[in-house]
2 protein chains.
Amino acid sequence: MDEPRWLNEREMAAWRGFVAATNLVARHLERQLKEDAGLSHTQYEILVQLSAAPGGSLRMTDLADRLVTSKSGLTYQVTQLEKAGLVGRRSCASDVRGVFAEITDAGWETLRAAAPGHVAAVREALIDVLTPDQLTALADSLGTVTDRLRSTDR
Amino acid sequence: MDEPRWLNEREMAAWRGFVAATNLVARHLERQLKEDAGLSHTQYEILVQLSAAPGGSLRMTDLADRLVTSKSGLTYQVTQLEKAGLVGRRSCASDVRGVFAEITDAGWETLRAAAPGHVAAVREALIDVLTPDQLTALADSLGTVTDRLRSTDR
DNA sequence: ACCATAAGGTTCAAATTTGAACCATCGGAC
DNA sequence: GTCCGATGGTTCAAATTTGAACCTTATGGT
């Protein structure tokens, strides 16, 4: 077992910053969405993804990949949203096993109502705190991280 | 209600990158730690914070702040770690209400055993994927984000 | 000293998450 | 055509997280 390459100061700062920012931002958004729109961030993201997809619908697996959640977790949340009338399930014609989640009119309405507050919270937590150059660099770096992990971790 | 300032392309890229990277990295580490050391990332972080604190111990509230978790969540995890013999509780002399969590010898041992694999995973997911300049910029930006949110959200 | 209020932790029930097991069905190899 | 290993989703129990309620002790103001 080789001597591990410990993190130097710069690396440690980046890592600790990442962990802290991650948790704080998540908390910030979770609270805002719950209070103002009665949605969890996951639920909000489901609506966003569906609203952006052609036909307002996506296959469950596809949706799970985009959200970076487990399949069972998605099943649960979609069921919740279904009970609330914000999404519906539709079976897939070409594959009997397949299920489409589809955003409903009420879902669109909820999303439209929630979006402004959410965007404001995102600005407050992340966007408006950084300069344009910093944002570009951030998007670039995190894009790289995302791409690597998506290919590495299946 | 004013027309909200929607995110432009740059801002959206930064935000989506943040959300995706956040989830993917968390997943990556959670899996690695669980498999190789039988710890959740939260538990690992508790050990790290305690190991870095003078006397190997911290007040519960202090610890909760550093971990960015709810107090009840911390109570739960510390209890788990206590059952496993990795930390202990000690009451505070100057404040009867206070409780110190303290890392045990077994805790040190577990941490020492888990650290190399964890560092490797952190490198694989985040550090080694970016250039030194990118890391510096990232640490800087996320530091700003963290500072703002820490002062804003109580 | 006395009170009102804040702070420190725990407890509790409810909501969520996770991974493994499971049940089909799909698709390609033979 | 038939078989077998992947795929798509759900289900289940167990682990975790959350926020509110609660109890106790500190503390600042009067």
Side-chain angles (χ1 to χ4, degrees), chain A residues 22-24 26-46 57-84 87-102 153-154, chain B residues 22-24 26-46 57-84 87-102 153-154:
Chain A
T22 275
N23 291 325
L24 285 167
R27 247 178 155 44
H28 184 75
L29 290 181
E30 207 67 57
R31 192 169 52 60
Q32 182 274 323
L33 275 173
K34 192 77 77 182
E35 274 178 17
D36 298 350
L39 295 172
S40 67
H41 189 218
T42 305
Q43 295 175 333
Y44 182 84
E45 279 296 312
I46 291 175
S57 71
L58 286 171
R59 288 286 290 270
M60 294 295 279
T61 297
D62 195 352
L63 194 45
D65 283 346
R66 301 187 193 215
L67 297 189
V68 192
T69 331
S70 61
K71 288 186 301 176
S72 57
L74 179 63
T75 292
Y76 175 77
Q77 285 298 357
V78 166
T79 302
Q80 294 309 106
L81 288 172
E82 198 172 20
K83 286 181 189 164
V87 311
R89 280 185 226 244
R90 199 158 44 68
S91 53
C92 174
S94 62
D95 184 341
V96 187
R97 299 168 304 173
V99 173
F100 279 102
E102 184 175 25
D153 295 4
R154 173 181 1 147
Chain B
T22 275
N23 291 326
L24 285 167
R27 245 177 157 45
H28 184 75
L29 290 182
E30 206 68 58
R31 192 168 53 60
Q32 183 273 322
L33 275 173
K34 192 76 78 182
E35 274 178 17
D36 297 351
L39 295 171
S40 67
H41 190 216
T42 304
Q43 296 175 332
Y44 182 85
E45 278 298 310
I46 291 175
S57 71
L58 286 171
R59 288 286 291 271
M60 293 296 279
T61 298
D62 195 351
L63 194 47
D65 284 345
R66 301 188 192 213
L67 297 189
V68 192
T69 330
S70 61
K71 287 187 301 176
S72 56
L74 180 62
T75 292
Y76 175 78
Q77 285 297 355
V78 166
T79 301
Q80 294 310 105
L81 288 172
E82 199 172 19
K83 286 180 189 166
V87 311
R89 282 185 225 246
R90 201 159 41 70
S91 54
C92 173
S94 63
D95 185 340
V96 187
R97 299 169 304 175
V99 173
F100 279 102
E102 184 175 25
D153 294 4
R154 172 180 7 136

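Here the structure is a predicted model, which means the values were calculated and not measured. Chain identifiers are assigned alphabetically (A, B, ...) following the order of the sequence lines, protein sequences preceding nucleic acid strands; residue numbering begins at 1 within each chain.
For B:R59 and C:dT10, the CZ to P distance is 11 Å, given to the nearest whole Å. The CG atom of B:L81 sits 14 Å away from the C1' atom of D:dA15 (whole-angstrom rounding). Separating the CG atom of A:D95 from the C1' atom of D:dT7 is a distance of 8 Å, rounded to the nearest angstrom. Distance B:D62 CG to C:dA7 P: 15 Å, rounded to the nearest Å. Rounded to an integer number of Å, the gap from A:I46 CD1 to C:dT16 C1' is 12 Å. Distance CG (A:D65) to P (D:dG9): 10 Å, rounded to an integer number of Å. Between the CZ atom of A:F100 and the C1' atom of D:dG8 there is a distance of 12 Å, given to the nearest Å. Here C:dG9 presents its P atom at 11 Å from CG of B:L58, a figure rounded to the nearest Å.
Side-chain atoms of B:R97 stay outside donor-acceptor range of the base of D:dA26, with no qualifying N/O pair under 3.5 Å.
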Atom pairs under 3.5 Å: protein N/O with N/O of nucleotides 18-22 of chain C:
unit_1: C:dG19; atom_1: N7; unit_2: A:S72; atom_2: OG; d: 3.2
unit_1: C:dG19; atom_1: O6; unit_2: A:S72; atom_2: OG; d: 3.1

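Side-chain contact between B:T69 and B:Q77: absent, with no pair of heavy atoms (C-beta onward) separated by less than 4.5 Å. For the pair A:V99 and A:R90, the minimum side-chain heavy-atom distance is 4.5 Å or more. Side-chain contact check for B:N23 versus A:L67: every heavy-atom pair is 4.5 Å or farther apart. Side chains of A:D62 and A:R66 form a contact here, defined as non-hydrogen atoms less than 4.5 Å apart. Side-chain atoms of A:S70 and B:R27, non-hydrogen and from C-beta on, do get closer than 4.5 Å to each other.
Note that OG of A:S57 and CG of A:L63 are 10.0 Å apart. Values are rounded to the nearest 0.5 Å. Within the model, atoms CD of A:E45 and CD of A:Q43 stand 11.5 Å from one another, a figure rounded to the nearest 0.5 Å.
The side chain of A:T42 contributes an N or O atom lying less than 4.0 Å from OP1 or OP2 of C:dT17. Side-chain nitrogen and oxygen atoms of A:R89 include at least one within less than 4.0 Å of the OP1 or OP2 phosphate oxygen of D:dT10.
With D:dT25, D:dT16, C:dG9 as the choices, the nucleotide that has an atom nearest any side-chain atom of B:Q43 turns out to be D:dT16. For B:M60, whose side chain is taken as the heavy atoms from C-beta onward, the closest listed nucleotide among C:dT10, C:dC26, D:dT10 is C:dT10. In the set D:dT17, C:dT17, D:dT10, D:dT17 carries the atom at the smallest distance from any side-chain atom of B:Q77.
A salt bridge does not link B:E102 to B:R89: none of the charged nitrogens lies less than 4.0 Å from a carboxylate oxygen.
Contacts with DNA chain D (heavy atom under 4.0 Å) in residues 33-41 of chain A: none are found.
Each of B:Q80 and A:T79 lies near DNA chain D, and the nucleotide nearest A:T79 is the one positioned closer to the 5' end.
In this structure, a donor-acceptor pair under 3.5 Å is absent between the side chains of A:R97 and A:S91.
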Exercise for review: Check step by step if side chain to side chain contact (heavy atoms under 4.5 Å, CB included) holds for B:L39 and B:K34.
Suggested key: CA-CA 5 Å; B:L39 295 171; B:K34 192 76 78 182; over 6 Å; no
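Residue B:T61 is in sugar-phosphate contact alone, with no base atom involved, counting any heavy-atom pair closer than 4.0 Å across all strands shown.
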